[in-house]
Every structure is written in structure tokens, then in C-alpha cells.
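Shown next, in C-alpha cells, is the structure this report addresses.
When a residue number appears, it is its place in the shown sequence, counting from 1. We count ligands from 1, going down the list as the structure has it; atoms in each ligand are counted the same way.
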Amino acid sequence: MAAFNTFKLSLVLSLLSNIGLLPETSKNTVGIFPPTCNRIECPSFDLIQVGNGYEIRRYNSTVWMSTSPIQDISLVDATRTGFLQLFNYIQGKNKYEQQVEMTAPVLTEVLPSDGPFCESSFTVSFYVPKVNQANPPPAEGLHVQRWKSTYVAVRQFSGFVTDYNVAEEAAALQASLEGTAWSAAIEKTLKANATSVYTVAQYNSPFEFNDRVNEIWMLFDMEDEFLLV
Ligand SMILES: *[C@@H]1O[C@H](CO)[C@@H](O)[C@H](O)[C@H]1NC(C)=O
Ligand SMILES: *[C@@H]1O[C@H](CO)[C@@H](O)[C@H](O)[C@H]1NC(C)=O
């Protein structure tokens with residue numbers, strides 16, 4: 001089923017690009033440091049490569065607090081639902097009644113489904129601050145994800161995330177990766193174990209209007225040895 005979803009996504013993406021709906025691949029799509037990360041903790045990463053319209057990062061070992069998959073037709077609505085749960089969590093609605101510092105980004109992992117109502121599955125996650133990573137307070141309905149070393153292909157865009165622009169930006173990222181070794185690694189990871197086809201990373205609260213930074217992430221596994229070639 002995962003393979004089928006991947007296929008379906010590529011089909012949709014290539015249709016979009018064929019009819020010229022994709023945003024242009026400009027040089028300005030990566031390399032902006034989210035201003036939010038000057039104020040609150042963000043996960044650090046190694047920059048592996050800057051390509052045309054994308055960058056490749058490696059996150060060594062990050063810890064995320066995640067909702068259960070949320071079925072919805074709208075990424076924006078699902079993210080709001082999930083974020084509310086996570087916001088309550090950091091305010092102390094957890095087993096230790098402990099407050100946790102706000103961090104960025106908030107992730108929404110997207111897994112399109114084949115259901116009759118065109119619903120997709122969205123998992124919303126909060127980056128657990130380093131100080132809480134050894135023992136994040138448990139909470140009902142939330143689970144911890146501990147990522148091993150993970151590679152991410154990234155495209156940045158600004159403004160507000162909408163259900164329409166995420167699809168466009170994801171398609172543009174996929175198009176910019178076409179024919180690269182990264183693209184092959186992403187395909188391979190999706191075939192092996194797709195828990196998401198792409199992920200939306202948001203760095204701003206809904207109340208900030210300026211300097212908004214969002215990213216599309218495509219996650220993949222890669223043996224470090226390949227990078228030495
Ligand atoms: C990630 O791990 C590698 C290898 O251990 C190390 O060289 C690098 O500095 C680490 N990067 C970050 C951002 O922690
Ligand atoms: C697939 O992903 C799940 C959830 O991230 C993980 O628990 C599982 O070990 C993965 N399986 C493989 C074969 O990588």
C-alpha cells in the first residue's frame with residue numbers, strides 16, 4: 001500500500017508540473033535561518049549539500065513528541081487539532097504536570113491514503129528540548145519518536161501554510177531532486193517503510209505575520225559511507 005501511495009503521489013506531482021502549476025525553482029528556496037530559532041530551541045543539523053532548489057541536511061538524533069495519526073482532508077485543520085494537544089502538553093497537561101519550553105519546528109507528517117473520503121493521515125510533532133530528551137513527560141494520546149541519524153531533503157517557503165501551497169511546494173521539491181542520488185534514496189526509503197510521504201515543518205506561531213519560514217521535508221535513510229564517494 002505504501003508503494004502504491006508513493007506512486008500516486010509522484011503521479012499527482014508530475015501532473016502538477018506538466019500543467020505548469022509549480023512554483024519556479026528559484027535560488028532563494030533554501031538557506032534562510034528561521035528567526036524563531038534565535039528565540040527558542042531548534043534541533044541542530046549538519047548541512048550536507050546545497051542543491052538547486054533544495055538542501056540536504058542530516059539530523060543526528062532528535063526526539064519528537066507526536067500525536068496519533070489524525071485522519072482529515074485538510075492538513076491545516078489536522079495541524080491545528082494536533083498542535084492544540086501538543087500545546088496542552090507543554091503547558092503541563094502530562095503525567096509529571098511538568099511545563100516544557102516551546103521549540104520549533106512543529107512537524108506535520110503527511111501520508112495520503114486510498115480511503116473513500118480522500119482523507120489523509122497526519123501526525124503532528126513537537127521537538128523535545130534537549131533538557132527533556134532523556135525523560136520526556138508521558139501523556140495520554142501522545143508518543144515519543146526517537147529518530148536515529150536521519151537525512152532530510154528540504155525546500156523552504158514563506159507566508160502561511162495552506163492545503164494548496166504544501167502540495168505545490170512538495171511537488172517543486174520533488175522536481176528539483178529529480179535525477180539526483182537523493183531522489184533514489186528517498187524512493188528507496190519510501191518503498192521500505194513509508195510512515196510519511198513528506199513532512200511540513202513550521203517555525204512560526206499563527207500570530208506572526210512577518211518573516212515566516214516553512215519547510216517541506218522528505219526524509220530518507222542513507223549509509224554515511226555513500227557520502228564519502
Ligand atoms: C553529528 O554526528 C557527527 C558524527 O558523530 C558529528 O561529526 C557532528 O558534529 C554531529 N552534528 C551535530 C549537529 O550534532
Ligand atoms: C518502520 O517504521 C516504524 C515506525 O517509524 C519503525 O518502528 C520500524 O522499525 C520501521 N521498519 C523498518 C523495516 O525499518
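- Side-chain contact check for Gln85 and Thr67: no donor-acceptor pair (N or O, by modelled atom type) lies under 3.5 Å.
- Legend: ring-ring contact (aromatic ring centres under 6.0 Å, His included) pairs involving residues 56-75, not counting sequence neighbours, sorted by first then second residue: Phe45-Tyr59, Tyr59-Trp217, Trp64-Tyr127, Trp64-Trp147.
- In terms of modelled atom types and a separation under 3.5 Å, the side chain of Asn165 and the main chain of Glu169 share no donor-acceptor contact.
- Here the rule is side chain to side chain contact (heavy atoms under 4.5 Å, CB included) with Thr79, and of Leu107, Thr108, Val200, Val166 only Thr108 fits it.
- When all heavy atoms of Pro136 and Arg146 are compared, the closest pair comes out as CD-NH2, 3.7 Å.
- Glu101 CD: 12 or fewer foreign heavy atoms inside a 6.0 Å radius.
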What short N/O contacts, under 3.5 Å, does ligand 1 make with the protein, listed by atom pair and distance?
unit_1	atom_1	unit_2	atom_2	d
ligand 1	2 (O)	Asn60	OD1	3.3
ligand 1	2 (O)	Asn60	ND2	2.4
ligand 1	11 (N)	Asp46	OD1	3.4
ligand 1	11 (N)	Asp46	OD2	2.7
ligand 1	11 (N)	Asn60	ND2	2.9
ligand 1	14 (O)	Asn60	ND2	3.2

